[in-house]
Amino acid sequence: MTKADSILIIEDDPGISRMLQVLLDSEGYAVAVARSGGVGLSLARANNPDLILLDLGLPDCNGTDLLVRGDVLAQIPVIVVTARGQEDEKVRALDAGADDYVVKPFGSAELLARIRAALRRRSRPEERPPKRYSWQGLVLDCASRTVSVDGEEVHLTPHEYDLLAVLVDNRGKALTHHAIQRQVWGCVSTGNFQTLRVTMASLRRKIKDCPSHPRFIRTEVGVGYRFLGE
Ligand code: CA
């Protein structure tokens, strides 16, 4: 039997942490729980877990502060757990290095899917960006910078191509507007994402993706975008 993936839960609410512990135990993960940011950071350093579930509202700190301060957390995939309506918190946490987020109250199936996706990304061989990526009719060839959808070549501008490549490179992961702007346009964000939105609309039109029923790119409301492929 291979070693179980280990998950550290940093959550002060006893009800939620117990529920998470039972759920993750039953899925075969090795689970540890910390009730404060300080203890969480010590356990992360001592045990080097495969993944961390991080509550943002902790008694001794904000979860995002841990991401900023905690060198060790940079090496471990982190899924933050936020309350509904905390869009700014989500964005701050993702920009500080969190991999993903779930919003309370979340369903078990959704959480487990996010965990599996984050663990999969972690074990994916480093090839950035992939030389050739293919998913559900979309093919992106990095050597020739060409894209086709359902067998037809799509003519993208350099920024549209870069935007798609950044999303594909981070597939499965929620990327903030800031992070995308930095990677595609190379500029420090001013909080004006109009150019990104216009480029995204044009890209979606060309790859025949519908924002309300996305096949490739999902809008994460108030946060950014996520490429849906594996
Ligand atoms: Ca809390």
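Read the numbers this way: they start at 1 and go in the same order the structure lists the ligands and their atoms. As a basis for the values below, the full set of heavy atoms in this structure was taken, side chains included, without hydrogen atoms, waters or symmetry mates.
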Discussion item. Quick test of your reading of the model: are Asp162 and Arg145 salt-bridged, counting only N-O distances below 4.0 Å?
Written reply: yes
Fill in: Name of the Asp12 atom (N/O/S only) found closest to the Ca ion (ligand 1)
OD1
Worksheet entry | Considering all heavy atoms, the nearest Ser134-Val139 contact | OG-CG2, 4.0 Å
Fill in: Metal proximity, Leu58 vs the Ca ion (ligand 1), N/O/S cut-off 3.0 Å
no
Item to complete: Give the ring-plane orientation class for Phe227 versus Phe216, where under 30° counts as parallel, over 60° as perpendicular and anything between as tilted.
Response: parallel
Worksheet item: Between Asp13 and Lys104, does at least one N-O distance fall below 4.0 Å, as a salt bridge requires?
Response: no
Worksheet entry | Considering only N, O or S atoms of Asp55, the one closest to the Ca ion (ligand 1) | OD2
